[in-house]
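Data block below; observations after.
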2 protein chains.
Amino acid sequence: MRGMGNDMVSKGRVTIREVAERAGVSTATASRALSGNHPVPAATRARVLRAARDLDYVANAHARALVGGGRKMAAVVVRQVTSPFYAQVAEGVEAEAADRGWLCVVGATGGDAQREMEFVQLMREEGARLVILVGGVVEDDAYRERVAHYAHALDSSGARLVLCGRPAPDPDIPALVVEFDNEAGARAVTGHLLSAGHRRIVFLGGLPGNTALDARVAGYRAALAEHGLPPEAAHVVDCGLGRAAGHRAMTELLKRTREFTAVFAGDDMVAAGALRAIADAGLSVPGDISVVGYNDIPLAEDFNPPLTTVRTPAEELGRAAVRIALRDPEHAAGAHHLLGTHIVVRDSVGAPPPGRAL
Amino acid sequence: MRGMGNDMVSKGRVTIREVAERAGVSTATASRALSGNHPVPAATRARVLRAARDLDYVANAHARALVGGGRKMAAVVVRQVTSPFYAQVAEGVEAEAADRGWLCVVGATGGDAQREMEFVQLMREEGARLVILVGGVVEDDAYRERVAHYAHALDSSGARLVLCGRPAPDPDIPALVVEFDNEAGARAVTGHLLSAGHRRIVFLGGLPGNTALDARVAGYRAALAEHGLPPEAAHVVDCGLGRAAGHRAMTELLKRTREFTAVFAGDDMVAAGALRAIADAGLSVPGDISVVGYNDIPLAEDFNPPLTTVRTPAEELGRAAVRIALRDPEHAAGAHHLLGTHIVVRDSVGAPPPGRAL
DNA sequence: CCGGACACTGAAAGCGTTTTAACTTCCCCT
DNA sequence: AGGGGAAGTTAAAACGCTTTCAGTGTCCGG
């Protein structure tokens, strides 16, 4: 860093021409010496590098991308960056991209399909070679058409589309899917509650049409069925996600009935809201009600009590998305990858209260 | 969206040439019609737009930036995206950038100066017009030299550098600073504890050399002084930030002494760790010890008990950084903007226990 | 009826880089 | 001595777009 800038020309970027001139070579040679794309004798190379350093030369990425046809850039699109889960996925993408010298841009849509489309369009203009759409959505016709459009549009310019935790499109659409095995995770954590003796378990946070949540509900139901519990025992509250929703739904539920002994929250934020509502109602966890969450956000172990939940390695999801997309150039289209999860046992699950066990 | 792609050529991007050809005009006219940079008769314009739509034309941002000299792109650099505070700042930058049609890229450094330099260099190559460095660091010579380098390098290519919550460099360096008034916030929240009757207040989470924390410590000391409390009452534990650090430091502190009645945590994550440690020790908040945090992260109200803290509107910080940088083109260099904060009172502060009040 | 102002359009000159194809040398082999 | 590389180098052609400059007509006032 020392000694930089002594020769800096006042304004305007230094071009490779000036570097070449100073080094006494042509731009072709300068380019090769700088990019290392073609062998150049050590002496010449040194002269060029020296000149570049003296002039504080910075390559113009646009010119480079223009001639090189595309550039090393990945885009990750989430609903909002501040959601811990999305943030982790984005961090994973960023890290894996950075590891290979790729640039990573993030876009936040706020859940607005319009903004999503605009952003994908922008990424097309920018020449992103990889677009990663993260986060569950309701799967309707508009969604399917949108994704089909993205996929073909990106594919036609040689870019890849990855869907993380989203409904998979028709298998002949050139996109690949990477997500967690939600059903298995939900089955496991429900089984954990069942093993503790619970029989009346509420699922809080369904969102019909959202494939991620639907899969969790399916896993939850499967676990109950495995224990020979009738489907009507499956108490699914479709309150959607988020802390506020969890708090509201739990408060109402407690007002209506207390015949359940455990709550399976659709995600940790819902669990946070539910815990608060339970505390507000003067009940204790896990003394009166056991609670489990989903996702294991960083603060889950600081909940009161520390939350038993399912760890979904979100950062790994982001990394996997990049890795897989860049690995299987051909076999990619239509591939569907499932990532494993595992339970994290903390203190929010206990035996059901004696009087209320079935 | 319907009807797109019928005419799409198999591979290779559609260029403006083909659009022009199809519309029966020259590339010059096509460019003008598409960019709206120069008036074009309505009929011609319509033909061009029609052709572009039919062919699913996507402009090449690189070519555009190459000739146009630069592009609308902002970069925000944080330690890690998963930290709630940084995430909010990044979201603010993203939102404000998106509002003006700018692209926003984020870089995570993991606190590594090397990666920070690489990223800034990359942004220089990419032609970013605005680089926002977020987050406190230790201010040493290496830091100062680094920032001076960034500032001059970016300035020489017409880009702006903004420091958010970072030590301000020499005033003649072409960078501007936007940050919260940490001292005022800390003074206020300390005052809140003092008003509740506390006299022995520990500051947990100092990090000497980190200007943000140092300012909070200064505010804390100032508040004590205003109440006529001697400096030796100022008990500052330099454990740094993060949940783990807070937990460890609090555990150790409780082992050593219990003569304090309140804790001022350097940020909410430290507070989270501290709360856990206090609970582990069998003490209650605020019954035995009162706790306040800093930053008001989204989950702070779900802590046990809900945390009284200082709200630092992080998203607004991000937005302000962009706004200010883009507003004051000239007056910018060396400007120092302070953003206000305010206390959020929740349940983690009470009167000191009768026996232990000074 | 002419000169000029005006509206529209197109050919061509870049923007900064990489890469291809050609051109020197220089050396080794027959 | 002459031919065939290999090694090193360069001039010039892209890459896709915007913009300048000049060239059409067209319309108006004189």
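Lettering follows sequence order; numbering is per chain, from 1. Nothing here was measured: the structure is a model prediction, and the numbers come from that model.
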| task | Measure from the side-chain heavy atoms of B/Ser26 and tell me the nearest of C/dG10, C/dG16, C/dA12. | result | C/dG10
Length of the [atom1]-[atom2] vector between [X] and [N], whole Å:
{"X": "A/Arg71", "N": "C/dG16", "atom1": "CZ", "atom2": "P", "value": "17 Å"}
{"X": "A/Asn60", "N": "C/dT18", "atom1": "CG", "atom2": "P", "value": "10 Å"}
{"X": "B/Arg45", "N": "C/dC8", "atom1": "CZ", "atom2": "C1'", "value": "15 Å"}
{"X": "A/Leu34", "N": "C/dT18", "atom1": "CG", "atom2": "C1'", "value": "12 Å"}
{"X": "A/Arg64", "N": "C/dT17", "atom1": "CZ", "atom2": "C1'", "value": "8 Å"}
{"X": "A/Leu66", "N": "C/dG14", "atom1": "CG", "atom2": "C1'", "value": "13 Å"}
{"X": "A/His38", "N": "C/dA21", "atom1": "NE2", "atom2": "P", "value": "13 Å"}
{"X": "B/His62", "N": "C/dG14", "atom1": "NE2", "atom2": "P", "value": "24 Å"}

Under 4.0 Å, counting only non-hydrogen atoms across every strand here, what does [X] touch: a base, just sugar-phosphate, or nothing?
{"X": "B/Val25", "answer": "sugar-phosphate"}
{"X": "A/Thr15", "answer": "sugar-phosphate"}
{"X": "B/Ala65", "answer": "nothing"}

| field | Covered region of DNA chain D, 5' end to 3' end, by chain A [heavy atoms, under 4.0 Å] | value | D/dG8 to D/dG16
Under a 4.0 Å threshold between the charged nitrogen and the carboxylate oxygen, would [Y] count as salt-bridged to [X]?
{"X": "B/Arg319", "Y": "B/Glu315", "result": "yes"}
{"X": "B/Arg100", "Y": "B/Glu96", "result": "yes"}
{"X": "A/Glu125", "Y": "B/Arg13", "result": "no"}

How long is the straight-line distance from [atom2] of [Y] back to [atom1] of [X], given to the nearest 0.5 Å?
{"X": "A/Met123", "Y": "A/Tyr150", "atom1": "CE", "atom2": "OH", "answer": "12.5 Å"}
{"X": "B/Arg166", "Y": "B/Ile132", "atom1": "CZ", "atom2": "CD1", "answer": "12.0 Å"}
{"X": "B/Thr109", "Y": "A/Glu94", "atom1": "OG1", "atom2": "CD", "answer": "9.0 Å"}
{"X": "A/Arg146", "Y": "A/Glu116", "atom1": "CZ", "atom2": "CD", "answer": "4.5 Å"}

| query | Is it true that atom CZ of A/Arg144 has more than 12 heavy atoms of other residues, nucleotides or ligands lying nearer than 6.0 Å? | reply | yes
| task | Tell me, yes or no, whether the heavy-atom count around A/Glu21 atom CD, taken from other residues, nucleotides or ligands under 6.0 Å, exceeds 12. | result | no
| said: Between the opening five pairs and the closing five pairs of the helix from C/dC1-D/dG30 to C/dT30-D/dA1, how far apart are the helix axes, to 10°? | reply: 60°
| request: State whether B/Thr27 places a side-chain N or O below 4.0 Å from either non-bridging phosphate oxygen (OP1 or OP2) of C/dG10. | output: no
